Participant: 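Take this structure first; my questions come after.
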Amino acid sequence: MPYLTTRDGARLHYLDVGARRGPACVLLHGFGMQGAMWLPVVAPLLARQRFILPDLRGFGGSHRLSLGAQGAIAQHADDVADLIDGLKLSDVRLAGLSMGACTGMEHHARHGFRGVARWLHIDQAPCILNGADWQHGLLGDDQATRLPQWSTVIDAIETQRDRPFTALPLALRRRYWQVLREFLGYAFASKLWQQTAHFTRVDALARRVIPTANWGVYLDTMRAYTEGGLDWRASVRQIDRPTTVFIGARSRMYPAAGQRELGRLIPGARLVEFADAGHTVPFESPRRFVVELNRFLKAA
């Protein structure tokens, strides 16, 4: 499997699929996902488009990698910069969903979209936490009740992070899986899709689906969301690459109104709303997603 050595010596796993001609499209996955999850979605385009699908640190083949002191999203952004440089990519079509979109915004803030020709932003607000001047962050109106509950569980588990996951008390593991189940449940608009997160009710099954060798990385990533500081409203105004914003009109993770505001902040951004999709646009509206992704690529 291909690996890219990053600036700190870590080996980041990625997939390189599709046509070898023309500029590559780098797709960044969301929290709890991995690069391979894009394969069924991009399959119709592989004959004419090259896709680079990295596993961001903590996930997939990069699960065992530790995060730097700068935090999860900044680490992911640096890794993407190293990926683009290391593979000698240019005119990249960069796209990110959820946490991947956070990574893209942070890449712009830290690296000025170096090597990137166009940006596709998929269902992510430019500011995570709500406040007096922003009410469209993570979980929308539910943020005030959910985040304190999740932070309490994260704090309780934090004291055990030096232990193997299977050595944690079963009750604590169940609380851990409950937080992940609730978080993932917000990713989907339909009740049927929401049921897919219920595998976390069974500890043994959950550990087979979600690797736990480096289980603390999930705590670190969720803390990045709950402890503040993730606000790109100022920096996105400086984006000078053609930008398309995909919005899940029924998103429970990030209210559509906030993403429309993002479209107004980014100069010249093109907004595409998916009326029947929630947060996970590529999976809840796969056919239209492929059509619109192809339009984004062709426009380049």
Side-chain angles (χ1 to χ4, degrees), residues 14-19 22-56 59-60 80 92-105 107 116-126 184-197 239 241-260 262-263 266 269-300:
Y14 68 96
L15 298 176
D16 187 345
V17 297
C25 177
V26 177
L27 292 174
L28 307 177
H29 62 77
F31 180 82
M33 300 179 181
Q34 57 183 286
M37 291 184 174
W38 289 108
L39 290 174
V41 179
V42 302
L45 305 178
L46 293 180
R48 57 184 180 277
Q49 176 66 49
R50 180 186 183 188
F51 291 97
I52 308 294
L53 314 174
D55 289 339
L56 299 176
F59 305 93
V80 170
V92 169
R93 284 65 172 137
L94 184 63
L97 164 66
S98 191
M99 183 184 76
C102 289
T103 299
M105 289 187 289
H107 181 277
V116 175
R118 302 181 71 87
W119 167 234
L120 174 57
H121 183 106
I122 308 170
D123 210 80
Q124 172 64 50
L184 294 174
Y186 275 92
F188 307 108
S190 73
K191 296 293 184 182
L192 180 61
W193 271 102
Q194 290 171 28
Q195 296 301 312
T196 62
I239 291 178
R241 305 296 196 273
T243 298
T244 300
V245 179
F246 285 2
I247 302 171
R250 299 176 60 199
S251 180
R252 300 172 65 239
M253 192 73 81
Y254 293 101
Q259 299 182 67
R260 296 185 193 109
L262 171 68
I266 301 176
R270 173 176 174 263
L271 274 60
V272 180
E273 291 207 25
F274 293 73
D276 296 327
H279 179 60
T280 53
V281 174
F283 310 105
E284 293 189 84
S285 186
R287 290 184 179 179
R288 188 180 175 208
F289 179 82
V290 171
V291 170
E292 293 295 345
L293 175 60
N294 191 42
R295 183 174 298 173
F296 165 77
L297 296 170
K298 283 185 173 180

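It should be emphasised that the depicted structure is a prediction, and the values quoted were computed from it without experimental measurement. Residues: numbered from 1 along the sequence shown. The figures that follow rest on heavy atoms only: side chains count, while hydrogens, waters and symmetry mates do not.
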Participant: Cut-off 3.5 Å, side chains only: do Gln124 and Tyr254 have a donor facing an acceptor?
Facilitator: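 Short answer, yes.
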Participant: Please check: side-chain N/O of Thr103 versus main-chain N/O of Met99, any donor-acceptor pairing under 3.5 Å?
Facilitator: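 Checked: pair present.
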Participant: Name the orientation class of the two ring planes belonging to Phe59 and Phe31 (parallel below 30°, tilted from 30 to 60°, perpendicular beyond 60°).
Facilitator: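 Aromatic pair Phe59/Phe31 classed perpendicular.
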Participant: Could you tell me which residues satisfy side-chain hydrogen bond (donor to acceptor under 3.5 Å, both in side chains) with Arg250, sequence neighbours excluded, listed by chain and number?
Facilitator: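 By the side-chain hydrogen bond (donor to acceptor under 3.5 Å, both in side chains) rule, Arg250 matches no residue at all.
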Participant: Name all residues meeting the side-chain hydrogen bond (donor to acceptor under 3.5 Å, both in side chains) criterion together with His279; count only those two or more places apart in sequence or in a different chain, and write none if there are none.
Facilitator: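 His279 satisfies side-chain hydrogen bond (donor to acceptor under 3.5 Å, both in side chains) with Ser98, Asp123 once adjacent residues are dropped.
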Participant: Step by step, would you call Val272 with Thr244 a side chain to side chain contact (heavy atoms under 4.5 Å, CB included)?
Facilitator: CA-CA 7 Å; Val272 180; Thr244 300; 4.1 Å; yes
Participant: What do the steps show when you test Leu97 against Leu28 for side chain to side chain contact (heavy atoms under 4.5 Å, CB included), and what is the final call?
Facilitator: CA-CA 6 Å; Leu97 164 66; Leu28 307 177; over 6 Å; no
Participant: In Å, rounded to the nearest 0.5 Å, how long is the span from CD1 of Ile239 to CE of Met105?
Facilitator: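 Nearest 0.5 Å value for the CD1-CE distance: 8.0 Å.
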Participant: Where is the tightest heavy-atom contact between Ala197 and Gly185, given as atom of each residue plus distance?
Facilitator: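 Nearest heavy atoms, Ala197 then Gly185: CB-N, 4.3 Å.
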Participant: Does Ile52 offer a backbone N or O that forms a donor-acceptor pair with the side chain of Asp16 under 3.5 Å?
Facilitator: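 Such a contact is absent between Asp16 side chain and Ile52 backbone.
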Participant: Val290 versus Leu45: any side-chain heavy-atom pair under 4.5 Å?
Facilitator: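 Result yes, sub-4.5 Å side-chain heavy-atom pair found.
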Participant: Are any non-hydrogen side-chain atoms of Phe246 and Phe274 less than 4.5 angstrom apart?
Facilitator: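 They are in contact (side-chain heavy atoms under 4.5 Å apart), so the answer is yes.
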Participant: Spell out, as yes or no, whether a donor-acceptor pair under 3.5 Å connects the side chain of Thr243 to the backbone of Arg241.
Facilitator: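 Yes; judged by distance alone, with no hydrogens or angles, the pair exists.
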Participant: Check whether any side-chain heavy atom of Cys25 lies under 4.5 Å from a side-chain heavy atom of Val92, and answer yes or no.
Facilitator: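 They are not in side-chain contact.
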Participant: State, yes or no, whether a side-chain contact exists between Leu39 and Leu15 at a heavy-atom distance under 4.5 Å.
Facilitator: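 With C-beta onward as the side chain, the pair touches.
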Participant: Could you report the tightest heavy-atom contact between Phe283 and Met37, atom names first, then the distance?
Facilitator: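 So the two residues come closest at CE2-O, 3.4 Å.
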Participant: Can you measure from CZ (Arg93) to CG (Leu297) and round to the nearest 0.5 angstrom?
Facilitator: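 Here the rounded value is 7.5 Å.
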Participant: To the nearest 0.5 Å, what is the distance between CZ on Arg288 and CG on Leu293?
Facilitator: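 If I round to the nearest 0.5 Å, the distance is 12.5 Å.
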Participant: Test side chain to side chain contact (heavy atoms under 4.5 Å, CB included) on Leu27 and Val42; report intermediate values, then the result.
Facilitator: CA-CA 10 Å; Leu27 292 174; Val42 302; 3.5 Å; yes
Participant: Is there side-chain contact between Glu273 and Gln259, with at least one heavy-atom pair below 4.5 Å?
Facilitator: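 The answer is no, as the side chains (C-beta and beyond) never meet within the 4.5 Å cut-off.
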Participant: Is it the case that the side chain of Glu284 and the backbone of Gly278 share a donor-acceptor pair, with hydrogens and angles ignored and the cut-off at 3.5 Å?
Facilitator: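 Such a contact is found between Glu284 side chain and Gly278 backbone.
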Participant: What heavy-atom pair brings Pro282 and Trp38 nearest, and what distance separates the two atoms?
Facilitator: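 Looking at all heavy atoms of both residues, the shortest contact is CG-CZ3, 3.8 Å.
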Participant: If you look at every heavy atom in Ala256 and Ile247, which pair is closest and at what distance?
Facilitator: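 Residues Ala256 and Ile247, closest heavy atoms: CB-CG2, 3.8 Å.
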Participant: Measure across Ala189 and Ala277 and return the closest heavy-atom pair with its distance rounded to 0.1 Å.
Facilitator: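 So the minimum-distance heavy-atom pair works out to CB-C, 4.4 Å.
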Participant: How about Arg118 and Val116: do any of their side-chain heavy atoms sit closer than 4.5 Å?
Facilitator: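 They are not in contact (no side-chain heavy atoms under 4.5 Å apart), so the answer is no.
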Participant: Please report the interatomic distance SG(Cys102) to CG(Leu56), rounded to the nearest 0.5 Å.
Facilitator: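 Between Cys102 SG and Leu56 CG, I get 11.0 Å after rounding to 0.5 Å.
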Participant: Would you say that Met33 contacts Thr280 through its side chain, given a criterion of any heavy-atom pair below 4.5 Å between the two side chains?
Facilitator: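 Met33 reaches Thr280 side chain to side chain.
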Participant: Apply salt bridge (Lys or Arg N to Asp or Glu O under 4.0 Å) to the pair Arg270 and Glu292, showing each step before the final yes or no.
Facilitator: CA-CA 12 Å; Arg270 173 176 174 263; Glu292 293 295 345; 3.4 Å; yes
Participant: Shortest non-hydrogen contact from Pro54 to Tyr14?
Facilitator: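 In this case the closest contact between Pro54 and Tyr14 is CA-CB, 3.7 Å.
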Participant: Can you name the residues that form a side-chain hydrogen bond (donor to acceptor under 3.5 Å, both in side chains) with Arg48, not counting sequence neighbours?
Facilitator: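 So Arg48 forms no side-chain hydrogen bond (donor to acceptor under 3.5 Å, both in side chains) with any residue.
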Participant: Any side-chain heavy atom of Arg50 sitting closer than 4.5 Å to one from Val17?
Facilitator: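 No; the side chains remain at least 4.5 Å from each other.
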